[in-house]
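Notes follow the structure.
Every chain is numbered from 1 and lettered A, B, ... according to where its sequence line falls, protein lines coming before strand lines. This one's a predicted model, so the numbers in the text were calculated from it and none came from an experiment.
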Amino acid sequence: MSKINELFDSELRVINLGLESFSEELKLQKKEVVHVEWRPVAGGNKKLRNILNQLG
Amino acid sequence: MLKEKIEQANQEAMEKLLKAQPTLVGLGTAGKDIPDMNKKTILHAGPPVKWEKMSGPLKGAIIGGLIYEGLAENAEEAVKLAESGEITFDSCHHHSAVGPMAGVVTASMPVWIVENTAFGNKAYCTLNEGLGKVLRYGAYSDEVIDRLNWIEKTLAPVLEETIALSGPIDLQTMIAQVIQMGDEGHNRNKAGTSLLIRELAPFLVQTSFDNQEKSDVLRFIHGNDHFFLNLTMPAFKSSLDPLEGIPYSTLVYTMARNGTEFGIRIAGLGNRWFTAPAEVIDGLFFPGYTKEDANPDIGDSVICETAGAGGFAMAAAIPIVQFVGGTPQDAMNFTKSMYEITQGENTSFKVPVLDFKGTPTGIDIRKVVETGILPIINTGIAHKDAGVGQVGAGLVRPPMKCFEEALEAFAESVGIS
């Protein structure tokens, strides 16, 4: 059995980043999940990200 | 090098804010005490806005203000005068003043005088009229004007003499206390108003007014939980004004709305406003009203959040969710999330349920843009039409555009793009 199958046979411990609907789906299947409200820096705006890099 | 300069500047700004000693020193009259004001000046909440672009509640409050001043007989005359160009409209913030909701201040209105004794600057605010049909929500019927006249002729003179007898009242300590008594200093002012009565009553009974007038004044304050709001606001205004013009600081020292636009000012960028259309508030409405009736966000009271109170201190004021909506857990989460976008913790305002941790204080535009987390504000909701008044209360956030444009302007000011 490959390592990946071993993982899916074990108790899942899930941390979900980004789209919250993924975590909701797991909750519906009664799986424990921690949702992290993560967004890309400056909402992904390159110009603002560049400014932030220079301003600390 | 630049990063260090910003860090030092923000630390200096934070120290100035935390060192503030807002103190109630007396009552005055707008036309005499507020800088650069005369009979034909009308101050309003938020960033500057022209009559044509003003929202319904702000126009309504201006109509009421002109009638109260005797400059117009009725609404039609008031509108004509407002359109004529004879009246100078300006932001309260340009005159060391703040005003809740429409924030209209006219020359004859009595004003609280608050001095930040650590830096010697003053701030002014009118006296709170109560809830329902009131000028600050854009109502201007006879009952509104009659109440304004009573405030001028009875309430203010009694309080002026009271404070002359009591001497200055330390508002910083009082606000620190009320945040441990279930208030957050913006939309819950039950504790603050109660403490104020305790401070004033022993001296109020010694004034030269007759018992009926003294009783009327105490009953009026007792009947209006928000009476203390018009003291927290100038207290915070006087605490934040010394931050204006600290080079390299990225901290916000003003947030304000005029019902059309939301505006912010940044310590390192002086008096320059960054504005965007004001958002509609998500909240609880009084019976008979819905979101369709609501005007976009309005008022200078968001000075509370700017100073680390209001929405930022909601974990200290759990019962407020029954007034503005949400759950007790939401109130906790709001306060906790604000630490992500602030410079540090308040050294006076402590949240009991968070092990007496200081409230999140000193909004940094860099952190707001980086995280996408916007300041949380709890606020009253005005009807969109002039003359109606308050229709509910709720929660709102500023438009991200204000913070993004401020960050770009800041970058330009320090030579990067």
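- The side-chain hydrogen bond (donor to acceptor under 3.5 Å, both in side chains) contacts involving residues 304-323 of chain B comprise B:His186-B:Glu305, where partners must be two or more places apart or lie in separate chains.
- Nearest heavy-atom pair across A:Gln54 and B:Leu2 is O-CD2, 3.9 Å.
- Applying the 6.0 Å contact sphere to CZ of B:Phe119 captures more than 12 heavy atoms from other residues, nucleotides or ligands.
- Counting only residues at least two apart or on different chains, no salt bridge (Lys or Arg N to Asp or Glu O under 4.0 Å) pair has a member in residues 259-285 of chain B.
- When all heavy atoms of A:Lys47 and B:Glu408 are compared, the pair lying nearest together is NZ-OE1, 3.1 Å.
- Contacts of B:Tyr248 with chain A are absent, with no heavy-atom separation under 4.5 Å from either backbone or side chain.
- Interface with chain A: from residues 360-373 of chain B, residues B:Arg366, B:Val369, B:Glu370, B:Thr371, B:Gly372, B:Ile373 qualify, criterion being any non-hydrogen pair under 4.5 Å.
- The side-chain hydrogen bond (donor to acceptor under 3.5 Å, both in side chains) contacts involving residues 11-27 of chain A comprise A:Asn16-A:His35, where partners must be two or more places apart or lie in separate chains.
- In this structure, the side chains of B:Glu404 and A:Leu48 come closer than 4.5 Å at one or more pairs of heavy atoms.
- Other residues, nucleotides and ligands contribute more than 12 heavy atoms inside 6.0 Å of the CG atom of A:Leu28.
- Within the 4.5 Å cutoff, the side chain of B:Ile416 has no heavy atoms near those of the A:Asn50 side chain.
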